[in-house]
There are 2 protein chains.
Amino acid sequence: MFVGFERPLSCHSCRISSLCLPLGLNADDLYKLDEFIQRKKPLQPREGVYFSGDPFTSVYAVRSGSIKCFCIDSDGREQVTGFYFPGEVFGWDGLADEQYQKTAIALETTSVCQIPYEQLDELGNSIPSIQRYMMKLISREINADQRLIALLAGSSAQQKLSSLLLSISDRRALQGLSSTRIWLPMSRGEISSYLGLTVETVSRVLGHFQRNKYLSVNKKEIEILDKQALRDLMHSTEEVE
Amino acid sequence: MFVGFERPLSCHSCRISSLCLPLGLNADDLYKLDEFIQRKKPLQPREGVYFSGDPFTSVYAVRSGSIKCFCIDSDGREQVTGFYFPGEVFGWDGLADEQYQKTAIALETTSVCQIPYEQLDELGNSIPSIQRYMMKLISREINADQRLIALLAGSSAQQKLSSLLLSISDRRALQGLSSTRIWLPMSRGEISSYLGLTVETVSRVLGHFQRNKYLSVNKKEIEILDKQALRDLMHSTEEVE
DNA sequence: CGGACCTTTGAAGACATTCAAGGCCTGTGG
DNA sequence: CCACAGGCCTTGAATGTCTTCAAAGGTCCG
């Protein structure tokens with residue numbers, strides 16, 4: 001059974017809040033749900049889960065590893081719309097029009113659970129708590145997206161990076177991993193696309209954070225040295241040098 | 001009964017695709033649904049529908065007028081996350097955590113239908129098509145949000161404005177109104193917040209569009225003179241000045 | 001008529017981008 | 001094992017877009 005955790009902490013994330021525990025599912029219901037969830041064999045790095053235009057069949061929960069969702073916009077550039085870590089659910093973008101709007105690929109060796117929507121839907125019809133839970137999951141994606149909108153619309157490069165790093169830190173912590181030593185599965189280019197910046201800017205801001213001893217950066221390994229400084233960065237328009 | 005239309009056309013919108021017609025609801029189901037939808041008395045301009053922190057009770061459909069949703073971010077500035085026009089549904093932001101994350105207010109004299117979620121949920125349990133429809137509605141909000149994310153992350157001021165104007169134009173057309181002569185219910189400040197720009201930039205870009213004969217602008221009345229030019233603007237990185 | 005608010009416009013400045021070059025790491029083939 | 005090609009990341013300098021600051025014109029409403 002894939003296990004998740006409670007509550008998203010900031011933007012960037014839409015967690016499955018433990019499909020098992022908190023919603024009053026009894027063992028029987030749980031078993032039914034578990035029954036049709038498919039554990040696919042691990043995905044290789046860059047391997048796709050679904051592609052833009054594919055017919056919508058399922059949503060997915062990350063078990064281990066990480067996923068990025070993106071689309072190609074009119075001028076041919078890849079636009080990343082989300083990163084998903086263990087315990088988080090992705091794939092709702094296909095529901096509205098019965099085909100996926102985005103492409104989802106693994107950033108590293110990753111395993112996901114496939115949850116066929118047809119069956120989830122049927123199960124939801126017989127078990128209201130499942131239905132209600134599903135709605136909350138989707139709604140959570142909306143909240144995460146809208147927080148990202150606020151971030152993109154109203155923040156500086158430093159604030160954006162800071163927000164993303166803190167979010168990943170929190171999400172890693174939920175997996176029981178260190179919240180200060182984190183490993184970024186995505187490239188600088190993917191970060192920059194997600195945050196609406198350029199690679200150079202991402203690189204420079206990371207350099208700046210490092211010089212200020214907020215972080216220590218070693219390629220994709222980041223150690224957060226001063227979490228409070230990063231948090232402060234986000235709550236004020238004026239900033240320490 | 002509030003009536004809606006099919007398919008969102010771009011970002012910025014999450015339409016209710018006619019709660020009545022396309023989903024195989026029979027007259028009976030329809031009656032049940034209609035029964036508990038509350039038509040509230042018209043809202044005055046700036047009057048609130050719900051406020052950030054209020055307990056979640058309902059989603060709302062715009063019948064006439066327009067709504068903006070926004071939150072106040074850490075530095076006290078208002079961050080607009082969406083505009084909603086007739087036929088569109090808002091309020092899902094409250095579902096995940098059982099309280100509204102945003103504040104929703106009327107931009108003009110506006111009437112909305114209140115759809116109590118508790119009852120909608122119960123109805124959904126007995127009528128699967130309603131349930132399924134509800135999921136699609138939410139999913140549509142996700143798609144709209146993600147398109148907005150792509151717009152905010154990857155576009156210039158001109159592209160952002162252009163995208164918003166075209167979207168409003170299309171949505172107005174769905175109401176049977178002119179798609180070229182449109183009236184903006186929101187202020188420049190609200191537009192700028194939504195698009196992640198400043199008022200001055202919005203004003204300048206509108207001026208620029210006007211000088212280029214893409215638009216004719218008279219305060220909140222906009223006439224689109226060259227829709228293709230606006231569309232072209234969005235699909236190329238290089239542009240005719 | 002007066003004041004508040006919204007909008008426009010200008011000039012200066014900041015922040016992020018663009019362009020360019022070099023470094024580092026990885027994998028491949030000699 | 002080393003050489004080399006190709007990513008990816010970093011750094012610098014110049015440019016540009018958007019913002020900030022400032023002021024003035026409009027409009028609405030008392």
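Within every chain, numbering begins at 1; the chains are lettered A, B, ... in the order of the sequence lines, protein sequences first and strands thereafter.
Nucleic acid contact class of A:Gly207 (heavy atoms, under 4.0 Å, all strands): none.
Between the CG atom of A:Leu215 and the P atom of D:dT10 there is a distance of 12 Å, rounded to whole Å. Between the CG atom of A:Leu107 and the C1' atom of D:dC8 there is a distance of 15 Å, given to the nearest Å. When rounded to the nearest whole Å, the span between CZ of A:Arg46 and C1' of D:dG7 equals 11 Å. Rounded to an integer number of Å, the gap from CD of B:Gln158 to P of D:dG16 is 15 Å. A straight line from CZ of B:Arg211 to P of C:dT8 spans 11 Å, rounded to a whole angstrom. The interatomic distance linking B:Glu78 (CD) with C:dC6 (C1') rounds to 14 Å, in whole Å. Regarding B:Arg204, its CZ atom lies at a distance of 11 Å from the C1' atom of C:dT7, rounded to whole Å. Following rounding to the nearest Å, A:Lys220 (NZ) and C:dC24 (P) show an atom-to-atom distance of 19 Å.
Checked against D:dC9, C:dT18, C:dT26, the side chain of A:Lys219 finds its nearest nucleotide in C:dT26. Distance from the side chain of A:Ser203 is smallest to D:dT10 among D:dT10, C:dT18, C:dT8. Minimum atom distance to the side chain of B:Glu200 is reached by D:dA22, of the listed D:dA22, C:dT17, D:dC18. Side-chain proximity of A:Thr198 to C:dC6, C:dT17, D:dC9: nearest is C:dT17. Between D:dC9, D:dC18, D:dC28, one nucleotide has an atom nearer to the side chain of B:Leu197 than all others, and that is D:dC18.
Ring pair A:Phe51/A:Tyr100: centre-to-centre distance not below 6.0 Å.
An OP1 or OP2 oxygen of C:dT17 is reached within less than 4.0 angstrom by a side-chain nitrogen or oxygen of A:Thr201.
In this structure, CG on A:Asp73 lies 11.0 Å from OG1 on A:Thr81, to the nearest 0.5 angstrom. Expressed to the nearest 0.5 Å, how far CD1 of A:Ile182 lies from OG of A:Ser169 amounts to 5.5 Å.
Remark: side-chain polar atoms of B:Arg46 are not paired, donor with acceptor, to backbone N or O of B:Glu108 under 3.5 angstrom.
Residues B:Thr103 and B:Asp54 are not in side-chain contact: their nearest non-hydrogen atoms beyond the backbone lie 4.5 Å or more apart.
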